[in-house]
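Notes follow the structure.
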Amino acid sequence: MTVHYTQEHEWIAVDGDSATVGITDFAQGQLGDIVFVELPEPGRQVTKGGDAAVVESVKAASDVYAPVSGEVIEANHALSDDPSLVNTAPEGDGWFFKLRLSDPSELDGLMDAEAYRTFCEQQ
Amino acid sequence: MTDATVPEKTLPLDQWHRDRGARMVPFAGYAMPIQYEGIIAEHRWTRESAGLFDVSHMGQLIIRGADAEKALEALLPADLAILKEGRLRYSLLLTEDGGIIDDLMITRRGDHFYMVVNGATKDGDIAHLQAKLPRTVVVDHMKEQALLALQGPKAAETLARLVPGVEALGFMTGGAFQIGGVTAWISRSGYTGEDGFEISVPAAQVLEVAALLGAQSEVKPIGLGARDSLRLEAGLPLYGHDLDTETTPVEADLGFAISKRRRAEGGFPGWHRISAEFDTTLIRRRVGLLVEGRQPVREGAMVIDDEGNEVGKVTSGGFSPMLEAPIAMAYVPVGSAEAGATIRLTQRGKIFQAKVSDMPFVPHRYHRKGGGQ
């Protein structure tokens with residue numbers, strides 16, 4: 001399992017041809033208290049950089065983009081009952097959805113953990 | 001409204017906020033603390049204990065002169081003639097069409113009036129006042145004065161520890177006090193729906209006052225984020241969002257700010273339109289909305305009719321930490337403005353259902369005892 005990061009602060013943990021997507025700890029810290037997450041339905045096709053979910057904090061709504069293209073195979077319904085999981089476990093139980101990758105070569109353009117850490121320090 | 005190229009002004013307590021972990025954001029031309037530990041925690045703290053807000057970006061004005069009362073009545077719909085010493089009123093600056101230039105608090109204080117206006121609009125307000133008031137009436141912008149608000153059910157007992165006698169103030173009254181050797185004007189007022197105080201002190205000494213208040217166990221600093229969610233729950237409109245120059249006081253459901261005498265006699269800008277709206281011609285009105293589900297509906301969402309036509313708009317929307325549900329304020333046609341009416345909204349291509357609700361969403365807890373109006 002390898003984890004990649006986007007400049008829009010999503011993470012994607014890849015295991016074979018499937019992957020789990022969420023937002024990073026940095027992102028949840030910037031958003032503040034999360035009160036609602038709108039998740040994509042299984043079966044939906046998403047494209048790299050396209051809208052995939054919406055995360056709402058007390059103050060504002062933010063789009064979550066698909067780090068790579070693929071088909072949504074599962075949404076994390078635990079977030080419907082407890083959106084604050086995104087604050088408490090953003091890179092664990094607070095994951096958003098799972099994808100079946102349609103083009104694994106799209107992962108090549110993403111950052112690894114160290115590159116992402118450097119990227120956040122510059123924000 | 002804020003030009004991003006203009007450097008932000010610094011609050012007198014800037015470093016104090018940063019030392020307490022505040023995230024600072026540009027607002028009304030200042031770097032302002034939006035949150036410390038988190039909006040929901042700060043919001044709840046204010047409703048349960050006492051929150052300390054820095055509102056030094058707001059404009060504090062002194063208006064004095066031989067005919068100040070009469071001259072101000074020509075600009076504001078408040079009944080200043082019956083306003084007693086040390087009493088304050090919520091009022092409005094109005095355009096000739098009855099649109100709202102700003103909302104404000106005005107206090108009779110000795111030989112002058114003391115006015116607090118919004119931070120983002122203060123320069124325009126001062127220019128408007130100077131242009132409209134006669135030369136015999138002078139407007140002094142108290143730039144060297146800071147303003148703090150202490151709000152919440154424990155505000156009175158906490159402040160009374162430092163300022164004996166302050167607990168005797170009734171809601172919407174103020175007086176001169178000493179706090180830690182600093183001369184302060186303190187009024188029992190605020191914009192959170194809670195009992196509380198607003199404390200005007202010289203900017204040069206506000207650090208001492210903040211340190212004194214901040215050292216009380218009941219007190220935590222609260223950011224602009226929770227200030228916004230608190231005032232939304234309290235059903236209080238925010239200038240630039242729920243109020244603007246295209247909106248009249250009757251549309252905004254602020255008829256209480258127009259006293260009986262002024263409504264009958266007129267003599268303030270927009271009177272013809274405003275009095276007609278009181279009687280018959282009102283088309284739309286600000287209401288509270290309880291939004292179904294958990295997803296907040298934000299400012300800018302549209303109110304639609306059964307055919308999908310846009311008939312109104314959401315002007316404030318968010319998540320109520322106390323109700324744990326989305327709430328909003330919107331302008332809707334008067335036919336749909338009664339509590340219980342069903343409203344349909346659109347936001348980012350999605351339809352939402354909402355019910356018109358009485359406001360406040362969370363009951364006010366002002367200190368009414370002894371505060372005869």
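This is a predicted model, so every value here is computed, not measured. By convention in this document, chain letters (A, B, ...) are assigned in the order of the sequence lines, proteins followed by strands, and residues within each chain are numbered from 1.
- Within the 3.5 Å criterion, the main-chain N or O of E218(B) finds a donor-acceptor partner in the side chain of W45(B).
- Counting only N and O atoms by type, the side chains of T247(B) and R286(B) include no donor and acceptor under 3.5 Å apart.
- If you check the side chains of T342(B) and K355(B), you find a donor sitting under 3.5 Å from an acceptor.
- Remark: the backbone N or O of D14(B) is not paired with any side-chain donor or acceptor of T10(B) at under 3.5 angstrom.
- Side chain of T121(B) to main chain of N118(B): a donor-acceptor pair is present (N/O by atom type, distance under 3.5 Å, no hydrogens or angles).
- With hydrogens and angles ignored, the 3.5 Å screen pairs no side-chain donor or acceptor of Q35(B) with any backbone N or O of A22(B).
- Neither side chain, N87(A) nor D33(A), offers a donor N or O lying under 3.5 Å from an acceptor on the other.
- In this structure, chain B has a heavy atom under 4.5 Å from the side chain of V54(A), while its backbone stays farther away.
- Heavy-atom pairs under 4.5 Å with chain A peak, among I39(B), D228(B), I34(B), at I39(B).
- Using a 4.5 Å heavy-atom cut-off against chain B, the contacting residues of residues 61-85 of chain A are A61(A), S80(A), P83(A).
- Side-chain contact, H4(A) with D112(A): no donor N or O sits under 3.5 Å from an acceptor N or O.
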Problem - Verdict with supporting geometry, R348(B) and E56(A), salt bridge (charged side-chain N to carboxylate O under 4.0 Å, His left out) - result: CA-CA 13 Å; R348(B) 297 194 301 272; E56(A) 305 248 10; 3.3 Å; yes

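- Residues of residues 294-303 of chain B lying under 4.5 angstrom from chain A, judged on non-hydrogen atoms, are R294(B), Q295(B), P296(B), R298(B) by number.
- There is a side-chain donor-acceptor pair under 3.5 Å between H43(B) and E233(B).
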